[in-house]
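Here is the structure we will look at.
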Amino acid sequence: MWDGGEIFTQKHSLNIDTLIHIQKKISEKALSSIKARLSRTPRTALGLDAAYSKRYGGVAIAALVDISNCGLIEYSVSIGEPKLEYIPGLLAFREAALFYTAIQGLKHQSYDVIVVDGHGVSHPRYAGIATHIGLALAKPSIGVAKKKLYGVLKIIKSRESCRDFPCVIGELIDKKRSDLVLAYAVIPKCRDKSPIYVSPGAHISLDDAYRVISSMLEKSPSKLPCPTYYADKLSKKIARGLDAGTLSPRSFKLGVLSTLDKYLIR
DNA sequence: GCGACAG
DNA sequence: ATCTTGTCGC
């Protein structure tokens with residue numbers, strides 16, 4: 001019931017215990033879905049990230065990227081007040097609806113994989129925001145987080161011993177099952193000191209997820225893979241423009257986006 | 001009871 | 001996530 005898109009609608013009650021129950025309920029499906037292998041090498045990716053405006057609330061971005069060259073094909077904006085405060089472990093119930101609206105605004109409704117700013121199954125109930133979204137849309141999804149949420153970090157090698165980058169320096173091990181690896185701790189670039197955490201959301205294995213993210217990191221100007229990099233840059237820029245009065249929410253609903261690219265990206 | 005705690 | 005001063009390096 002809760003992996004069919006309900007995460008995107010706000011018809012559910014926001015009782016904390018209920019939300020936790022919902023996540024426990026989809027956890028089995030999530031864990032079985034990450035056993036799947038990718039049938040085709042993905043060519044396009046959808047990056048999802050959100051920033052916050054003091055005046056208008058959440059600013060979510062869906063950025064469609066050409067994986068071969070990290071080029072931005074198109075992006076869409078969604079602005080609105082989050083229905084839930086931020087609670088560690090329940091991020092999906094705060095941001096997923098905004099992402100859904102942003103995705104609906106894209107001209108191209110075709111993409112091969114989704115990259116979300118946050119965790120996938122490296123979550124106390126194996127249901128991070130990337131997992132919720134991947135199951136709801138029945139698409140391969142990957143979580144890329146800047147900080148750990150759940151799991152025991154097992155260091156595989158020191159950052160200094162990395163020869164090539166991206167470099168996997170560790171794994172996030174499930175606290176309840178020491179044989180289950182939930183995510184890889186990755187140093188994206190030689191210059192980066194702290195790792196990012198790459199975990200499968202749904203319909204993709206950890207190793208396939210890493211292969212996809214690794215190829216993106218090689219072409220990305222940031223420690224974040226390009227889809228998330230664009231979504232991060234755009235959401236922050238727009239949130240600030242909104243608060244400064246430079247941008248109006250109305251301008252986005254009218255599709256006046258193309259001319260903003262040069263101004264927004266960078 | 002005490003720490004940990006995505007964005 | 002956001003806020004915000006100061007510092008380091010190209």
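In the text below, chain A, chain B and the rest are named by the order of the sequence lines, each starting its count at 1.
A sub-4.0 Å separation between OP1 or OP2 of B/dA4 and a side-chain N or O of A/Tyr150 is absent. Regarding contacts with the backbone of C/dA1, a side-chain N or O of A/Lys236 is found under 4.0 angstrom from either OP1 or OP2. Remark: A/Lys148 is not in phosphate contact with B/dA4, judged by side-chain N or O atoms under 4.0 Å from OP1 or OP2. Listed pair A/Lys175 / B/dA4 fails the phosphate criterion, with no side-chain N or O lying under 4.0 Å from OP1 or OP2.
The residue A/Tyr86 sits close to a base: some heavy atom pair falls under 4.0 Å. Within 4.0 Å (heavy atoms only), A/Lys146 reaches sugar-phosphate atoms of the nucleic acid but no base atom. At the heavy-atom level, A/Gly58 lies nowhere under 4.0 Å from the strands shown. Within 4.0 Å of A/Leu90, counting heavy atoms only, lies at least one base atom of the nucleic acid.
For the pair A/Lys193 NZ and C/dC8 P, the computed distance is 18 Å after rounding to whole Å. Rounding to whole angstrom units, NZ of residue A/Lys54 and C1' of C/dA1 are separated by 12 Å. Residue A/Lys147 contributes atom NZ, which lies 12 Å from atom C1' of C/dT2 at whole-angstrom precision. Taking atom CZ of residue A/Arg240 and atom P of nucleotide C/dA1, one finds them 10 Å apart after rounding to whole Å. Across the protein-nucleic acid pair, A/His132 atom NE2 and B/dG7 atom P stand 16 Å apart, rounded to whole Å. Atom pair A/Leu224:CG and C/dA1:C1' shows a separation of 14 Å (rounding to whole Å applied). If you measure from atom CD1 of A/Ile16 to atom P of B/dC5, you get 20 Å, rounded to the nearest angstrom. Atom CG in A/Asp232 sits roughly 14 Å away from atom C1' in B/dA6 (whole-Å rounding).
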Requested in this report: Evaluate disulfide (SG to SG under 2.5 Å) for A/Cys167 paired with A/Cys162, printing each intermediate quantity in order.
Outcome: CA-CA 6 Å; A/Cys167 177; A/Cys162 290; 2.1 Å; yes
Query raised in the report: Where do A/His132 and A/Phe93 land on the ring pair (Phe, Tyr, Trp, His ring centres under 6.0 Å) test, with the steps shown first?
Result: CA-CA 9 Å; A/His132 277 282; A/Phe93 297 99; 5.3 Å; yes
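Looking only at distances, no side-chain donor or acceptor of A/Gln23 sits under 3.5 Å from a matching main-chain atom of A/His123.
In the set B/dA6, C/dT2, B/dG7, B/dA6 carries the atom at the smallest distance from any side-chain atom of A/Ile129.
Stacking annotation: A/Tyr197 is not stacked on the base of B/dA6 (requires ring centroids less than 5.5 angstrom apart and an interplanar angle below 30 degrees).
With 3.5 Å as the limit, one finds a donor-acceptor pair spanning the side chains of A/Asp174 and A/Tyr150.
Looking at A/Arg37, A/Arg40, A/Lys35 one by one, the single match for salt bridge (Lys or Arg N to Asp or Glu O under 4.0 Å) with A/Asp208 turns out to be A/Arg37.
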